[in-house]
Participant: 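The structure is given below, and queries will be raised subsequently.
Computation of the quantities below employed the complete heavy-atom set of this structure, encompassing side-chain atoms and omitting hydrogens, waters and symmetry-equivalent molecules.
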Amino acid sequence: MKTIAILGSTGSIGTQTLEVVRSQQDLKVAALAVLGNITMLEQQIREFRPSLVCVYQEERAKELQQKVKDTGVRVVSGMEGLIECALVPEAETVVSAVVGMIGIRPVMEAIAAGKDIAFANKETLVTAGHLIMPLIKKHGVKLLPVDSEHSAIFQSLQGSAGYMQGETPNREIAKLILTASGGPFRGKKRSELAQVTVEDALRHPNWSMGKKITIDSATMVNKGLEVMEAKWLFDVPTEKIEVVIQPQSVIHSAVEFVDGGIIAQLGTPDMKLPIQYALYYPERRYLAGKRLSLSDIGSITFEKPDMAELPGLALAYEAMNTGGSMPVVFNAANEYAVAAFLKREIGFTQITDWIGEAMAAHKVIQNPSLEEILFAEQETYDRLREFGGKVR
Ligand code: MG
């Protein structure tokens, strides 16, 4: 029996993780944490019977408490509650599937408590990778990627002798090849993008994902965050990470080794595969679903990313090369701007404009502590709030 805690159980990764739990006989859920969707959480409590749940929004937590009295589940709230779920004693693996930097503290606490992390919260690694990776090493736990590209790289690396995460540097890697679908606006000019609607941006051609990551895919910010995530996960310098557009989303990513051999992972775009692989690593298990037929696909095409029309990726490289607290500002500005876009307060191209503005205004802190990271995040929000007030 394997027992897990899921942080972010009502999101896209969270619900698909529960689908995996449903399909396996030897997976148990000890704790679930959500932001505020108590209707779905109540159903999950009744089906999966966790001993502990967290509703981040306190008022909603109180409301839920009344509804699930009969189940005996303990309901907690806020950051303290989220951390309690990450530390629930029965769970050996924590699935971190919250959106945004809110995941930093619970993930760090879970690692320190000796838990493996199935990791689907790239913002945490982007902003605090320099704090998290040494902790992983110190406590001898596994950080198992759930993001499809990073899972693909992780799976491809199993073909390298003695590959173990945290063991650095991996001398057999020549480069990581991170594939991208290019999102719904691939090939569009910036002038055309100013007018796109929230609905246009939420229409991803291949993957079904949460709202925030779907917008991030449309701006190419997501690929930028993934380059940073890969850098930390696999300890490979950014110049050895190549982004290639592969619009059909058949190749989920690849590794080129020093002998020139490339190993890639292919499949239908189904997040349940990386989720299940992370939960049972290194074992592979049966997963129901459509199989990839190469002869039906016929061809797979590749392109270089267009950095000028969709500047999300270029800004990410700039933040990475500056280092220190700059990736925090890149990420925080994006979180803030995407929320504003989803509320229809700003246009699509303003998302990356705001990221650029916030980065230009920031004074870099080298090797930021957790407090300094959270401060840089808040400072970015405050700056954009001011900035937003001025432009409107
Ligand atoms: Mg991805």
Side-chain angles (χ1 to χ4, degrees), residues 7 83 86-87 92-98 100-147 149-158 160 162-173 175-176 178 223-241 253 255 274 277-278 281-282 316-317 319-332 364-374 376-377:
L7 311 183
I83 291 172
L87 294 178
E92 60 254 49
T93 299
V94 174
V95 180
S96 176
V98 295
M101 293 169 66
I102 195 173
I104 298 177
R105 288 185 57 203
V107 162
M108 288 178 74
E109 299 263 1
I111 295 166
K115 297 184 189 298
D116 290 333
I117 310 290
F119 190 72
N121 172 217
K122 59 185 71 123
E123 296 91 343
T124 289
L125 215 48
V126 164
T127 54
H130 62 293
L131 302 177
I132 288 170
M133 294 319 287
L135 264 188
I136 292 282
K137 211 165 192 177
K138 181 177 166 197
H139 295 279
V141 300
K142 293 192 201 78
L143 186 57
L144 299 150
V146 167
D147 206 348
E149 294 80 359
H150 303 78
S151 177
I153 290 169
F154 185 55
Q155 292 176 58
S156 301
L157 283 172
Q158 308 305 313
S160 150
Y163 173 76
M164 271 180 63
Q165 220 168 342
E167 212 173 75
T168 58
N170 193 321
R171 293 179 197 287
E172 295 183 5
I173 300 176
K175 69 178 175 194
L176 305 181
L178 209 63
K223 211 45 59 180
L225 294 172
E226 289 183 350
V227 172
M228 296 193 229
E229 185 185 6
K231 171 189 109 135
W232 288 114
L233 273 173
F234 305 112
D235 195 31
V236 166
T238 45
E239 57 274 20
K240 283 189 173 185
I241 306 174
S253 278
V255 178
Y277 190 74
Y281 172 79
Y317 273 106
M320 255 179 300
N321 294 336
T322 308
S325 53
M326 198 56 100
V328 178
V329 174
F330 171 83
N331 180 69
V364 180
I365 308 160
Q366 288 309 327
N367 206 14
S369 65
L370 181 55
E371 288 68 33
E372 286 167 328
I373 289 169
L374 298 175
E377 177 193 27

Participant: Output all residues satisfying side chain to side chain donor-acceptor pair (under 3.5 Å) with Lys223, sequence neighbours left out; order by chain, then residue number.
Facilitator: Glu149, Glu226
Participant: Pro145 and Ser151: which non-hydrogen atoms are nearest, and at how many Å?
Facilitator: O-CB, 3.8 Å
Participant: Would you give the length of the straight line joining atom CG of Leu144 to atom OG of Ser96, rounded to the nearest 0.5 angstrom?
Facilitator: 12.5 Å
Participant: Which residues pass the salt bridge (Lys or Arg N to Asp or Glu O under 4.0 Å) test with Lys175, not counting sequence neighbours?
Facilitator: Glu242, Glu256
Participant: Could you state the interatomic distance from OH (Tyr281) to CZ (Phe154), rounded to the nearest 0.5 Å?
Facilitator: 4.0 Å
Participant: To the closest 0.5 Å, what do you measure between CD1 (Ile365) and CD (Glu371)?
Facilitator: 11.5 Å
Participant: Which atom names give the shortest non-hydrogen contact between Gly324 and Pro327, and what distance separates them?
Facilitator: O-CD, 3.4 Å
Participant: Mind listing the closest non-hydrogen atom pair of Ala152 and Ser253 along with its distance?
Facilitator: CB-N, 3.6 Å
Participant: How far apart are the closest heavy atoms of Val255 and Ser156, and which atoms are they?
Facilitator: CG2-CB, 3.8 Å
Participant: Looking at every heavy atom in both Leu7 and Pro106, which two are closest together, and how far apart are they?
Facilitator: CD1-CB, 3.9 Å
Participant: Does the side chain of Phe330 reach to within under 4.5 Å of the side chain of Leu225, using non-hydrogen atoms?
Facilitator: yes
Participant: Hey, are the side chains of Lys138 and Ile111 touching, using non-hydrogen atoms and a 4.5 Å cut-off?
Facilitator: no
Participant: For the NZ atom of Lys231 and the CE atom of Met320, what is their distance to the nearest 0.5 Å?
Facilitator: 7.5 Å
Participant: Side chain to side chain contact (heavy atoms under 4.5 Å, CB included) with Ile153: which of Leu233, Leu178, Val236, Ile241?
Facilitator: Leu178
Participant: For residues Phe234 and Lys240, determine if any side-chain heavy atom of one lies less than 4.5 Å from a side-chain heavy atom of the other.
Facilitator: no
Participant: Distance-only, no hydrogens or angles: does the Asp116 side chain make a donor-acceptor pair with backbone N or O of Thr93 under 3.5 Å?
Facilitator: no
Participant: In chain order, what residues pass the side-chain contact (heavy atoms from CB on, under 4.5 Å) check against Ile373, with sequence neighbours excluded?
Facilitator: Met101, Ile104, Thr127, Ala128, His130, Leu131, Val328, Pro368
Participant: So, for Ile117 and Ala110, which heavy atoms are closest and what is the spacing to 0.1 Å?
Facilitator: CD1-CB, 3.8 Å
Participant: Are the side chains of Leu125 and Phe119 in contact, using a 4.5 Å heavy-atom criterion?
Facilitator: yes
Participant: Once you round to the nearest 0.5 Å, how far does CG of Leu87 lie from CD of Glu109?
Facilitator: 5.5 Å
Participant: Measure the spacing between CG of Leu157 and CD1 of Ile173 and express it to the nearest 0.5 Å.
Facilitator: 4.5 Å
